[in-house]
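Heads up: the structure comes next, in structure tokens.
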Amino acid sequence: MAQYNHQEIEAKWQKCWEPINSSTQQPIQPKAQKPLGPKFYDLVMFPYPSGNIHMGHVRNYTIGDVIARFKRMKGFNVLHPIGWDAFGLPAENAAIKNQTHPADWTEKCIKHMTGQIKRLGISYDWGREVTTCTEDYYKWTQWIFLKFYEQGLAYRKKSQVNWCPGCQTVLANEQVKEGLCWRCDSQVEEKDLEQWFLKITAYAERLLTDIEKLSGWPEPVKIMQRNWIGKSKGVEINFRLTNHNSQLTIYTTRPDTLFGVTYMVLAPENPLVDELVNGTKFEAEVKKIREKIKSETTSQREESQGKEGVFTGAYAINPATNEKVPIWISDYVLMGYGTGAVMAVPAHDQRDFEFAKAHNLPIKVVITPHTSQLTPDTITEAYVDEGTMINSGKFNGLPSNEALQKIGDKFGTWKTNFKLRDWLVSRQRYWGAPIPIIYCNKCGLVPVPAKDLPVKLPKDVKFTGKGGSPLAGNKEFVETKCPKCGAPARRETDTLDTFNCSSWYYLRYCDPKNDQQPFAKEKADQFMPVDQYIGGIEHAILHLLYSRFFTKFLFDQKLISVDEPFKNLLTQGMVIKDGAKMSKSKGNVVDPDDIVNKYGADTARLFILFAAPVEKELEWSDKGVEGCYRFLNRVWRLATGPLEPANKLRGSNERGNRNVQSQVFEQAITKKLHQTIKAVTEDIEKFFFNTAIAKLMEFVNFLYSCSDIGHRTLDIGPLLKLLSPFAPHLSEELWHQLGNQTSIYQEAWPTYDPLLIKEDELNIVVQVNGRVRDNLTIPAEADQETIKAKALASEKAQKFLARQTIIKIIVVPNKLVNIVTG
RNA sequence: GCCCGGGUGGCGGAAUUGGUAGACGCAAGGGACUUAAAAUCCCUCGGGACUUAAAUCCUGUGCCGGUUCGACUCCGGCCCCGGGCACCA
């Protein structure tokens with residue numbers, strides 16, 4: 001018997017699988033199920049080609065592969081593609097550092113990572129490989145951008161934007177995490193710049209309501225998206241200004257507190273501020289404060305906690321009370337939300353309360369709790385709950401929730417607001433898809449005609465890392481002719497945020513070679529939506545929200561027939577070591593290559609699935625890996641062996657059921673096998689891979705515990721099939737050693753016989769007052785009365801029943817009897 | 001502060017319509033085989049009491065209460081850990 005040589009076996013089968021892997025066009029069909037089964041689109045988040053795969057990738061791709069192989073054997077027509085999210089900053093930074101071109105660097109990385117992925121034995125359809133930085137791909141990224149532009153959903157606007165000094169480019173709101181750049185952790189600054197936006201806010205309502213449709217998504221992800229979109233219902237109320245013609249519009253979700261307004265606050269950037277203070281004695285002071293606030297970073301602003309502010313000298317009239325209230329500016333009011341102005345009700349809003357305390361502004365209570373009385377003197381924090389209206393004219397005495405509706409109706413206009421901002425998509429970087437726009441002195445802004453796409457990214461560019469769009473330095477690129485009038489014109493030199501590229505790649509996989517359109521509708525329709533999407537939770541908002549937006553837009557353009565891209569989503573947990581995320585600086589990185597070399601891909605795959613449930617964090621353990629390696633060796637010996645001498649020699653301490661006739665073993669093994677088929681199948685369907693593997697181990701352990709008589713007659717084919725999604729190489733090798741000529745994953749998935757898994761005898765627990773006292777073995781067909789009688793007759797139970805009155809006996813079929821005493 | 005997850009042996013984790021807590025794996029201890037080691041195979045393995053041993057009993061799923069014949073599982077209150085959002089009016 002040859003030893004289990006993982007290196008030899010894995011290399012051999014990876015080579016054999018090459019032609020089968022790249023052939024979704026001619027899907028692999030189980031022999032038993034000839035007609036093409038229903039489609040199943042199995043997708044993992046495509047990687048950024050950073051140079052090396054890490055354990056997170058291994059986990060991601062292994063999960064996807066188990067599902068792909070399982071579904072194929074189940075008869076589905078599986079689409080299981082892979083590609084590269086290849087535009088992005090690291091390539092450019094590497095270029096600056098190493099004097100290589102981003103294109104060359106990226107190509108090298110892809111080549112290396114391709115080899116690494118192939119060595120994992122993942123059954124990708126490499127014939128559909130997609131790379132976002134190639135002209136044939138980004139041509140269509142640009143094309144889609146132009147579609148947005150045509151529909152008025154891509155526009156340029158000057159506004160306050162997030163600037164990352166580290167990346168030397170602007171960022172979208174979604175890309176700022178707690179004031180820091182999501183990529184490089186630099187403190188994000190605010191800048192006034194003219195930039196390109198996609199009008200994702202036009203889809204805010206649909207992006208929100210359609211979350212309901214995503215029954216196959218984890219609840220936390222849906223909650224995060226809901227919060228990010230941040231819908232709120234309120235009213236806009238106009239306040240007249242004294243000594244001015246214009247009026248002040250505020251947004252509030254609490255019109256019930258309108259009578260409690262004691263001052264107003266404008267965002268420092270609100271244009272009305274100039275109108276109010278220009279030429280007054282307040283101008284200098286207000287503008288000083290405004291400049292100070294503007295210069296502050298987000299985190300400095302947070303520290304000020306809404307205490308920074310100054311009176312503008314102007315007053316507004318409360319439409320409900322006709323009271324004159326002062327107008328202030330403060331950093332706690334944001335220009336980007338609502339109208340950039342609020343009515344301040346210190347008694348019922350904590351931020352207003354704190355500001356009022358800090359600046360000695362009056363407090364007026366208009367809602368009081370049902371149980372106690374609230375006065376401006378006794379109040380120590382804002383009362384934000386519901387209550388009874390007071391000091392509110394004819395609304396006095398009403399419950400506040402009723403007054404909210406009535407006051408809103410009377411004084412304002414109902415309005416829905418979203419926290420979601422439009423998506424800033426322009427980047428002042430080189431390594432991305434050029435924005436296909438031309439600026440003409442006569443015609444203004446002109447989109448590049450579709451026939452002229454792609455706007456090619458020139459190779460000859462200087463990388464200084466000093467800021468500004470690198471493309472601006474390339475004359476040949478910048479200088480062009482206006483497509484409309486032919487006059488000399490300039491190209492846009494910003495590139496698209498790479499999240500544009502990743503927002504539609506799953507559609508390109510459906511038709512990757514199309515040079516007429518991004519994808520043919522009928523081909524996209526054939527596979528969309530993605531049946532199972534697998535990736536890290538870090539994209540809960542970013543990529544997943546953008547992709548939903550793109551899909552809805554393309555649906556509206558009638559380019560596809562689905563309006564949600566991902567039917568089911570599986571968010572895998574991180575791979576950690578020594579309690580921390582693997583990172584170079586911590587020195588706790590485990591290189592997948594090392595594991596594959598030492599133990600093989602099958603072991604790596606098995607361990608990464610076995611060590612933890614998919615959605616939870618996975619603590620890497622070298623010892624645990626060895627355990628999985630041992631298991632595969634056990635399977636190997638089981639299949640290739642005669643039993644080893646040591647195994648035969650277990651003479652003295654063997655279990656009772658040994659040395660019986662082989663027939664008995666056969667029956668027992670068959671039963672256990674069918675139970676295992678059932679359990680493993682159900683576990684895989686629920687993505688409980690860790691317990692599926694445990695059940696395979698149990699079965700193997702069971703086989704080992706049977707005598708060699710049992711072994712000799714054993715057909716391990718079904719076991720190999722059950723194991724094949726997890727450890728494809730070893731299963732395939734042993735499958736062929738059994739004499740089979742065709743690939744194991746062209747086999748149909750094993751089925752179980754419900755009659756065979758039935759136990760003839762059941763183990764029934766006998767409890768007295770809920771505590772276990774005895775175990776009974778009872779024929780499966782025994783009726784309740786028999787079981788009751790046997791339980792009562794139990795000697796061990798009797799001990800606890802002495803001098804007790806039995807009140808009732810509870811029989812749980814197939815499980816237990818509980819005798820309750822008084 | 002708000003919103004989500006999650007607390008089970010020495011460790012990773014099982015136990016999803018309330019029904020034998022600790023499957024499976026790791027580590028540890030003991031044994032078989034071996035000149036020896038490795039590999040392999042077998043046994044033990046939450047804590048405690050009692051005992052030569054077997055047996056038996058008590059206790060135990062973050063903490064405190066509750067519902068129930070019966071609670072890791074359901075309810076109320078609290079503590080701790082992880083993640084997300086963070087002046088959104």
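Protein chains get the first letters and strands the later ones, always in sequence-line order, with residue 1 at the start of each. Just so we're clear, the structure is a prediction, and the values are computed from it rather than from any experiment.
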Q) Do A/Phe355 and A/Tyr263 make the cut of ring centroids closer than 6.0 angstrom? A) yes
Q: Can you tell me, in whole Å, how much space there is between the P of B/C78 and that of B/C4?
A: 15 Å
Q: Would you give the length of the straight line joining atom CG of A/Asn173 to atom CG of A/Asp422, rounded to the nearest 0.5 angstrom?
A: 9.5 Å
Q) If the P atom of B/A23 is compared with that of B/U8, how far apart are they to the nearest Å? A) 16 Å
Q: Would you indicate which nucleotide in B/C3, B/G19, B/C24 comes nearest to any side-chain atom of A/Glu698?
A: B/C24
Q | From B/C69, B/A14, B/C24, nucleotide with atom closest to A/Asn690 side chain | A | B/A14
Q. So what does A/Asn775 hit on the nucleic acid, given a heavy-atom distance under 4.0 Å: a base, only sugar-phosphate, or nothing?
A. base
Q) Which whole-number value in Å describes the distance from A/Arg226 CZ to B/C85 C1'? A) 15 Å
Q | For atom OH of A/Tyr251 and atom P of B/A89, their distance in whole Å | A | 6 Å
Q | Qualifying residues under ring-ring contact (aromatic ring centres under 6.0 Å, His included), relative to A/Tyr203, sequence neighbours excluded | A | A/Phe549
Q: Consider the side chain of A/Thr691, meaning its heavy atoms from C-beta on, and name the nucleotide among B/U56, B/A23, B/C41 that approaches it most closely.
A: B/A23
Q. Do A/Tyr332 and A/Glu308 meet the criterion of a side-chain donor-acceptor pair at a distance under 3.5 Å?
A. no
Q: Taking only the side-chain nitrogens and oxygens of A/Tyr337, find out if one of them lies under 4.0 Å from OP1 or OP2 of B/A89.
A: yes
Q: Ignoring backbone atoms, test whether A/Asn701 places a side-chain nitrogen or oxygen under 4.0 Å from the OP1 or OP2 oxygen of B/C24.
A: no
Q) OP1 or OP2 of B/C41 sitting under 4.0 Å from any side-chain N/O of A/Arg637? A) yes
Q | Per A/Lys177 side chain, nearest of listed nucleotides B/C85, B/C87, B/U20 | A | B/C85
(Q) In whole Å, I'd like the distance from the CZ atom of A/Phe800 to the C1' atom of B/C58. (A) 10 Å
(Q) It should be established whether A/Arg630 places a side-chain nitrogen or oxygen under 4.0 Å from OP1 or OP2 of nucleotide B/A27. (A) yes
Q: Check every atom of B/G13, B/C69, B/C24 against the side chain of A/Lys616 and return the nucleotide holding the closest atom.
A: B/G13
Q. If we ignore angles and hydrogens, is there a donor and acceptor under 3.5 Å between the side chains of A/Asp349 and A/Thr257?
A. no
Q | Shortest side-chain distance from A/Lys623, nucleotide among B/C26, B/U20, B/C24 | A | B/C26
Q) Of all of residues 806-814 of chain A, which get a heavy atom below 4.0 angstrom from RNA chain B, listed by number? A) A/Lys808, A/Ile810, A/Val812
Q: Between B/G7 and B/G12, how far apart are the C1' atoms? Round to whole Å, please.
A: 15 Å
Q. For the residue pair A/Tyr546 and A/Trp423, is the inter-centroid distance of their aromatic rings smaller than 6.0 Å?
A. yes
Q) From the list B/A89, B/G12, B/C42, which nucleotide is the closest neighbour of the side chain of A/Phe610? A) B/G12
Q) Side-chain donor or acceptor of A/Gln767 under 3.5 Å from a matching atom on the base of B/G19? A) yes
Q: Using the P atom on both, measure B/G22 against B/U44 and round to a whole Å.
A: 14 Å
Q: For B/C11 versus B/A28, give the span between their C1' atoms, rounded off to a whole number of Å.
A: 11 Å
**Q.** OP1 or OP2 of B/U56 under 4.0 Å from side-chain N/O of A/Lys796
**A.** yes
(Q) Regarding A/Asp256 and A/Asn401, do their side chains bring together a donor and an acceptor under 3.5 Å, going by distance alone? (A) no
Q | Distance in angstrom units between A/Glu354 CD and B/G1 P, rounded | A | 13 Å
Q. Please give, in whole Å, the distance from B/G25 P to A/Phe699 CZ?
A. 15 Å
Q) Of the non-hydrogen atoms in A/Asp602 and A/Leu730, which two are nearest, and what is the gap between them? A) OD2-N, 2.7 Å
(Q) Any N or O donor-acceptor pair under 3.5 Å from the base of B/U40 to the side chain of A/Asn633? (A) no
Q: Determine if the base of B/G7 is syn or anti; take syn to mean the glycosidic torsion is within 90° of 0.
A: anti
Q | Options B/A89, B/C42, B/C85, nucleotide nearest the side-chain atoms of A/Lys419 | A | B/C85
**Q.** Whole-angstrom distance between B/U17 and B/C74, as gauged at atom C1'
**A.** 12 Å
Q) What class does the angle between the rings of A/Phe726 and A/Phe689 fall in, given that below 30° is parallel, 30 to 60° is tilted and above 60° is perpendicular? A) perpendicular
Q. Are A/Lys678 and A/Glu682 close enough for a salt bridge, meaning some N to O gap below 4.0 Å?
A. yes
**Q.** 5'-most by nearest nucleotide on RNA chain B - A/Gly627 or A/Arg421
**A.** A/Gly627
Q. How close or far is atom C1' of B/C3 from atom CD1 of A/Ile541, stated in whole angstroms?
A. 12 Å
Q.
Taking the basic N atoms (NZ, or NE/NH1/NH2) and the acidic carboxylate oxygens, is any pair closer than 4.0 Å for A/Arg421 and A/Glu174?
A. no
Q) Taking atom C1' of B/A23 as reference, at what distance in whole Å does atom CD of A/Glu682 sit? A) 16 Å
Q: Please determine, for the side chain of A/Asn818, which listed nucleotide (B/A21, B/G19, B/C87) has the closest atom?
A: B/G19
Q: Could you tell me whether A/Glu759 and A/Lys671 make a salt bridge, using a distance below 4.0 angstrom between a side-chain N and a carboxylate O?
A: yes
Q: Would you kindly compare A/Gly770 and A/Pro220 by the position of their nearest RNA chain B nucleotide and give the one closer to the 5′ end?
A: A/Pro220
Q) Looking for any heavy atom pair under 4.0 Å, which part of the strands does A/Ser621 touch: base, sugar-phosphate only, or nothing? A) nothing
Q: Name the closest nucleotide to the A/Pro613 side chain, picking from B/A89, B/A14, B/G12.
A: B/A14
Q: Using the C1' atom as the reference point in each nucleotide, state the distance between B/A14 and B/C26 in Å, no decimals.
A: 15 Å
**Q.** For RNA chain B, the dot-bracket pattern of Watson-Crick and G-U pairs whose distances stay under 3.5 Å, | for other-strand partners
**A.** (((((((..(((......[....))).(((((.......))))).((((......))))..(((((..]....))))))))))))....
Q) What integer number of Å spans the C1' atoms of B/A38 and B/G6? A) 42 Å
Q: Assign the ring pair A/Phe259 / A/Phe411 to parallel, tilted or perpendicular, where the plane angle (0 to 90°) is split at 30° and 60°.
A: perpendicular
**Q.** Between B/C41 (C1') and A/Leu638 (CG): distance, integer Å
**A.** 14 Å
